[in-house]
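Here's the structure, in structure tokens; my notes come after.
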Amino acid sequence: MHDEVLMIGGGVAGCAASIALARKGRSVTMIEREPAPRHKVCGEFLSGEALEDLHLLGIDAASLGAVPIDYVRLATTRRAATAPLPFPAKSLTRKTLDTALIAEAISAGVRVECGRSVESLSRTADNHWQATLDDGTTYKAPTAFLATGKHDLRGHRRPKDRHQWVGFKMYFRLSAAQTADLADASELTLYAGGYGGIQPVEDGMANFCCVVQRRYFARAGLRWESLLAKMKQDCPHLAMRLEGAQPLLDKPITIAHIPYGYIRRETEDGLYCIGDQAAVIPSFTGDGISIALHTARRAAAAYLAGESAPIFQAKLRTAMLPQMRIAELAANGMNNALARAVLPFCLRIWPGAMRVTAKLTRVTQPAAQAFAG
Ligand SMILES: Cc1cc2nc3c(=O)[nH]c(=O)nc-3n(C[C@H](O)[C@H](O)[C@H](O)COP(=O)(O)OP(=O)(O)OC[C@H]3O[C@@H](n4cnc5c(N)ncnc54)[C@H](O)[C@@H]3O)c2cc1C
């Protein structure tokens, strides 16, 4: 292979970086292990920064059916508090979003190889990166971008997730009354073993996506039905929201060992790590997609400007560290029984707190030129 860049992973970050590089005339091969985009564990909330970056990539979320989200509602054991979001936001299923991104990558001239999985990535004696695929094929390029999301490649593993988080996503059809009540809000529900989010997505569906610590899941017998019953018991608002709702998937989509709070410290020459491979923010912020786009944009700009991968990675870490730590602190607070008990009272006294938290946990900055054609 004679391409300049090898992109490993064709999710949000991989597609975004590939498009940015191809638009600047670089030859890119992107390898994605799924034959076609599928549902992923994700709350599917698109923040204002994410919408702006997607727009620069040529993707108009509204025309794909994205639903406007204007409010955030926090529901704990007894009470729910609502606040307007301090930025425009929408929700869109990942299947639709990823389909649009791959189509855009192809039209930008990226060579897209779907349904092929990279097994390992190693440095060769002639200073290239070599990816070995599951069928034994090898691809070589002077530069590689690691964009495999939550999945680690052999030899490039991130530290283990201490809390053993497990994530679930299920679509529901709510009743007309529940749909009207949820309206244009993203609802964050807190319970003893984690938190979940419920919000409308396209085609009249509601996305319920949650994370729980493994020991909480174990107490529910490691079964989704019992877990859902336990979360509803802990959070009556969730029980009310999902009462009689029709599940739209045979079983939830799941993911284990989410390394929340991870920020990559370093990388090797010629290997730019982006998206969840660069940083994993607690999911309640709804900022992961935005970070994936932001890191892709910065990495593409760094590569085009001749900035080495280790320098890029170190600068990215420094820039993202403060907000990542604030997001982690807030997530730990939500996980604390006392904090959960007092939160509704605090929000009654100062409803603006949710808006402030939403602003403080934004990691990304306004979009720059790297995505423009
Ligand atoms: C429970 C939960 C809820 C979330 N909710 C939100 C939310 O509401 N809003 C938000 O903005 N973010 C949310 N996120 C975060 C968001 O989903 C991620 O941060 C984002 O998808 C990261 O993008 P990425 O490109 O790094 O990874 P992905 O989009 O996951 O893409 C990685 C791609 O790499 C491919 N791949 C993996 N391994 C290989 C391999 N070996 N070879 C080839 N291809 C490979 C995968 O198939 C995948 O397509 C949530 C995350 C979780 C866990």
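Computed from heavy atoms alone, side chains included, the values below leave out hydrogens, waters and symmetry copies. Both ligands and their constituent atoms are indexed starting at 1 by order of listing.
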E243 atom CD, over 12 foreign heavy atoms within 6.0 Å: no
Within 6.0 angstrom of Y262 OH, more than 12 heavy atoms from elsewhere: yes
To check you understand the geometry: which heavy-atom pair defines the closest contact between [X] and [Y], and what is its length?
X	Y	result
P236	D234	CD-O, 3.7 Å
H156	R264	O-NH2, 4.4 Å
V110	A22	CG2-CB, 3.7 Å

Mutual orientation of the aromatic rings belonging to W165 and Y260 [parallel < 30°, tilted 30-60°, perpendicular > 60°]: perpendicular
Just need the protein heavy atom nearest to [atom], so name the residue and atom and give the distance.
atom	value
atom 41 (N) of ligand 1	V118 O, 2.9 Å
atom 25 (O) of ligand 1	A13 N, 2.8 Å
atom 45 (C) of ligand 1	R33 CG, 3.7 Å
atom 5 (N) of ligand 1	G43 N, 2.7 Å
atom 14 (N) of ligand 1	C42 SG, 3.9 Å
atom 19 (O) of ligand 1	D276 OD1, 2.8 Å
atom 49 (O) of ligand 1	E32 OE1, 2.7 Å
atom 27 (O) of ligand 1	G149 CA, 3.3 Å

So if I count the atoms of ligand 1 from 1 in the order they appear, which ones are less than 4.0 Å from some heavy atom of [X]?
X	value
E34	47 (O)
I31	43 (C), 44 (N)
A147	32 (C), 33 (C), 34 (O)
G288	10 (C), 11 (O), 12 (N), 15 (C), 19 (O)
V211	1 (C)
G275	26 (O)
K150	18 (C), 53 (C)
S283	1 (C), 2 (C), 3 (C), 4 (C), 50 (C), 51 (C), 52 (C), 53 (C)

How does [X] reach ligand 1, if at all, at less than 4.0 Å between non-hydrogen atoms: by side chain, backbone, both, or neither?
X	value
I289	both
Q277	neither
S47	neither
I291	neither
A292	side chain

Nearest candidate to atom 29 (O) of ligand 1, where distance is taken over non-hydrogen atoms, out of R94, E44, Q199, R38: R94
Listed once per pair and sorted, the salt bridge (Lys or Arg N to Asp or Glu O under 4.0 Å) pairs that draw on residues 270-282, sequence neighbours left out: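 Found K150-D276.
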Lys/Arg-Asp/Glu bridge criterion (N-O < 4.0 Å) met for R298, E307: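 No salt bridge links R298 with E307.
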With F145, the ring-ring contact (aromatic ring centres under 6.0 Å, His included) member among Y272, F312, W129: Y272
Option passing side chain to side chain contact (heavy atoms under 4.5 Å, CB included) with V211 (candidates Y195, F284, F168):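 Going through Y195, F284, F168 one by one, the side chain to side chain contact (heavy atoms under 4.5 Å, CB included) with V211 is satisfied by Y195 alone.
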Under 3.5 Å: donor-acceptor pair, side chain of S91, backbone of P200: yes
Polar proximity ligand 1 side, G286 side, N/O cut 3.5 Å exclusive: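 For ligand 1, there is an N or O atom that lies under 3.5 Å from one belonging to G286.
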Min N/O separation K40 to ligand 1 under 3.5 Å: yes
Nearest-0.5 Å distance that lies between atom NZ in K40 and atom CZ in R38: 6.5 Å
Residues which pass side chain to side chain donor-acceptor pair (under 3.5 Å) with D269, listed by chain and number, not counting sequence neighbours: none
Evaluation steps, salt bridge (Lys or Arg N to Asp or Glu O under 4.0 Å), between R123 and E268: CA-CA 9 Å; R123 196 88 170 130; E268 293 167 65; 5.5 Å; no
